Amino acid sequence: MFYDAMICDGVPKLKAKYMYKAVRIFGPKWNSARNSIKSVSPGLQNFDYGILNQDLELDIDQLEAKLDTLLDE
């Protein structure tokens, strides 16, 4: 939804993908089993920020699938 809203608002696709990745990696996670939101951030000291620049050439569905794998979701 976040990505689509950015595109509809005129954000360039590359920037929208970059922002989408940042939110998916660092943003809070919804736990539907508990109906709660949990703030989950990777250990920022050891996080490879270069990952934000990878795979931006993929379409949004492919990018989402890669992030699901990366984040074990």
Side-chain angles (χ1 to χ4, degrees):
M1 177 74 76
F2 179 61
Y3 174 81
D4 291 332
M6 287 187 289
I7 296 300
C8 287
D9 200 37
V11 175
K13 284 188 178 186
L14 185 62
K15 184 174 183 178
K17 286 180 186 178
Y18 191 83
M19 293 170 65
Y20 172 80
K21 283 183 78 170
V23 169
R24 278 287 311 270
I25 293 169
F26 299 109
K29 308 294 182 230
W30 178 257
N31 183 338
S32 59
R34 294 183 183 176
N35 289 330
S36 62
I37 296 175
K38 179 175 140 185
S39 180
V40 178
S41 294
L44 298 179
Q45 294 170 311
N46 300 322
F47 185 76
D48 177 13
Y49 287 95
I51 199 165
L52 292 173
N53 295 320
Q54 296 173 359
D55 304 317
L56 295 174
E57 74 284 353
L58 300 176
D59 70 37
I60 192 62
D61 293 325
Q62 294 170 321
L63 183 58
E64 187 172 3
K66 282 208 104 161
L67 289 170
D68 287 345
T69 301
L70 174 72
L71 301 171
D72 291 326
E73 296 181 352

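Model, not experiment: these values are computed from the prediction.
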Of I60, I7, D4, the one forming a side-chain contact (heavy atoms from CB on, under 4.5 Å) with Y20 is I60
Close side-chain approach of R24 and E64, heavy atoms under 4.5 Å = yes
Are the side chain of D59 and the backbone N or O of D61 linked by a donor-acceptor pair below 3.5 Å?
-> yes
Considering residues at least two apart in sequence or located in another chain, which fulfil the side-chain hydrogen bond (donor to acceptor under 3.5 Å, both in side chains) criterion with Y3?
-> none
L56: partners by side-chain contact (heavy atoms from CB on, under 4.5 Å), with sequence neighbours left out = L14, K17, Y18, K21
Quick one: closest heavy-atom pair of D55 and L63, and the distance?
-> O-CD1, 3.8 Å
